[in-house]
Amino acid sequence: MEIYPYFPGCALSTKAKALDICARESMKALGIELKELEDWTCCGAVFPLAEDEHIRLVSPARSFYKAIKYSDRLVTLCSACFNVLRRSLKVLKENAARRERVINYMEEEALEPFPEQLKIHHFIELIRDVIGFENLSTKITKPLQGLKIAPFYDCLTFRPPKEMEFEDSENPRIFSNYITALGGIPVDFPYRSECCGAHLSVSNPDVSLECSYRIIKSAQLAGAEALLTSCPLCHYNLDFRQKEMAEKNIDFKPIPVFYLTQILGIALGLPKEVLGFEKNYVSPLSLLEGKGLI
Amino acid sequence: MKLILDRAKLNSDLVQSIKDISLQKIMACYQCGKCTAGCPLADAMDIVPNEMMRLVMLGEIDKLLSSKAIWLCTSCFQCGTRCPKGIEVHRVFEALRCLALRDGKNYTDMEKLPDEKLEEIPQQGIIAGFRKFESLE
């Protein structure tokens, strides 16, 4: 079994456990062990956009030094962690002056040379590049036949494209290809890469609700039966806040929102307690039962 | 909006701070409006992204520091992604927020966040929210 160091992050260890558990168990079924990085610390949650905020790069740097002891790749899944870790690594690799300042803060934690060979991998990249989508489709036991899923391409995983160096953020395909590999039907929709309102749920909940509502409506109009996201905050806004959408809009029909890894778990036939649907506000159970998937 | 152009404002320390914090070429903006067209929060903003860029050029920083818009920006990076001049508009927004936060304005009162929200909202949202506060509704 191949082993990769894995950075779960705060949300996946507490509020988005289904995303985490399905990732670990699915990968195990596919012959890869995601080994939690020992003593990982919070990534900082928000990448420091200000050029003079160096201290906030220390926490990611700390994880880089720890990860390199095990492998030259570090796998993560939470959108915020992926965004922060990937961009921080790029800054620290390319900007010698900022790297030196950060290393100065770290003292004995950074005695070795900076781990420039490290790469931050998103879980979906591991599937695409190490397992391969075509190969994946031969390994699943329960193809998601007839399930129309609208993939939601969150801001943090794909933008800014120059720093994330991932998919084309204006025309991302990766989640669609993943859904196809799992036997489902990907549904493109106009609002697939719009912001869900993000942290405005804390300070301006009405404004953010409007953003999330537009996304849900757009997916429903395109014929989706469910949405897919890899971001814990998008999941909160798109799934949990459907409670308020239903209160405000009399014709509102709830729609389940899957975590990225839950549909992989379904297709691999993992047991219900691993899939963790009790944490989804809109339960996908009746939809899945209707399709004969659980 | 009535503006009186003033050389002192154009070259003020505040404008320089924004350039230093954001590292963006503010003067490269030619007001095409693509940032605003792509901004998912533009309809809720009092000053939309391309107007913000223009006001920074003209040195009208006080107007921006008292705007709602800088706190409604979610840093989704759409503006910077689509800018044909390569300006990372989101970094200019962040620089404005930094000026406000570093001046002691708009700090978050954690006590005001209801317990159930604290329980439900993922950590990334809470942390991001605390850095960019206007007010709890």
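Letters A, B, ... are given to chains in the order of the sequence lines, protein chains preceding strands, and every chain is numbered from 1. Heavy atoms only: backbone and side chains are in, while hydrogens, waters and symmetry mates are out.
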### Message
Around atom CD of A:E165, are there more than 12 heavy atoms from other residues, nucleotides or ligands closer than 6.0 Å?
### Response
yes
## Note on the structure
chain B shares the most heavy-atom pairs under 4.5 Å, among A:A80, A:G197, A:A16, A:A198, with A:A80
### side-chain contact (heavy atoms from CB on, under 4.5 Å) between B:C98 and A:E53, intermediate numbers included
CA-CA 10 Å; B:C98 284; A:E53 286 188 3; 3.8 Å; yes
### Query
Within a strict 4.5 Å, meaning less than it, do heavy atoms of the B:Q124 and A:L156 side chains meet?
yes
### Message
Nearest 0.5 angstrom please: B:F77 CZ to A:M164 CE, how far?
### Response
9.0 Å
### Minimal non-hydrogen separation, A:H199 against B:G129, with atom names
CB-N, 3.6 Å
### Task
Supply the atom-to-atom distance A:L49 CG to B:S22 OG, rounded to the nearest 0.5 angstrom.
10.0 Å
### Message
Out of the candidates A:C195, A:C155, A:S193, A:C196, only one should pair with B:P40 under the side-chain contact (heavy atoms from CB on, under 4.5 Å) rule; please name it.
### Response
A:C195
### Query
If you check every heavy atom in residues 81-88 of chain B against those of chain A, which residues fall under 4.5 Å?
B:T81, B:R82, B:E88
### Task
Identify the residue among A:C234, A:P232, A:C78, A:C231 that makes a side-chain contact (heavy atoms from CB on, under 4.5 Å) with B:P122.
A:P232
### Message
How about NZ on A:K93, more than 12 heavy atoms from neighbouring residues, nucleotides or ligands closer than 6.0 Å, or not?
### Response
yes
### Task
Please indicate whether A:K217 has more than 12 foreign heavy atoms, meaning atoms of other residues, nucleotides or ligands, lying under 6.0 Å from its NZ.
yes
### Query
Mind checking whether B:I121 and A:L233 have side chains closer than 4.5 Å, heavy atoms only?
yes
### Query
Looking at A:R159, A:K15, A:E51, A:E170, which makes the most heavy-atom pairs under 4.5 Å with chain B?
A:R159
### Query
Where on B:L23 is there a heavy atom nearer than 4.5 Å to chain A: the side chain, the backbone, both, or neither?
side chain
### Message
Can a side-chain donor-acceptor contact be found between B:E120 and A:S201 if the only test is distance below 3.5 angstrom?
### Response
no
### B:D20, part contacting chain A, at a heavy-atom distance under 4.5 Å
backbone
### Query
Got B:Q123 and A:C42 here, is their nearest side-chain heavy-atom distance under 4.5 Å?
no
## Note on the structure
The interface call for A:N83 against chain B, heavy-atom contacts under 4.5 Å, is side chain
#### Entry: Contacting region of A:Y191 [heavy-atom separation from chain B under 4.5 Å]
neither
### Message
Counting only non-hydrogen atoms closer than 4.5 Å, does A:S79 touch chain B with its backbone (N, CA, C, O), its side chain (CB onward), both, or neither?
### Response
neither
### Task
For the pair A:K243 and B:E116, find out whether any cationic side-chain nitrogen is under 4.0 Å from an anionic carboxylate oxygen.
no
#### Entry: A:R214 atom CZ, neighbour heavy-atom count above 12 within 6.0 Å
yes
### Task
Identify which part of B:A44 has an atom lying under 4.5 Å from any heavy atom of chain A, answering side chain, backbone, both or neither.
side chain
### Task
Side chain from CB out, backbone as N, CA, C, O: work out which of these in A:A50 comes under 4.5 Å of a heavy atom of chain B, or both, or neither.
both
### Message
When you compare the side chain of B:W71 with that of A:L200, does any pair of heavy atoms fall below 4.5 Å?
### Response
no
### Task
Flag yes if more than 12 heavy atoms outside A:D168 fall under 6.0 Å of its CG atom; otherwise flag no.
yes
### Query
What distance do A:C10 atom SG and B:I127 atom CD1 have between them, rounded to the nearest 0.5 Å?
6.0 Å
### Message
Can you tell me which portion of B:L72 sits under 4.5 Å from chain A's heavy atoms? Options are side chain, backbone, both or neither.
### Response
both
### Message
Please check if the number of heavy atoms outside B:Q16 that lie under 6.0 Å from its CD is greater than 12.
### Response
yes
### Atom CD of A:E100: over 12 foreign heavy atoms under 6.0 Å
no
### B:K25: side-chain contact (heavy atoms from CB on, under 4.5 Å) partners, not counting sequence neighbours
B:A28
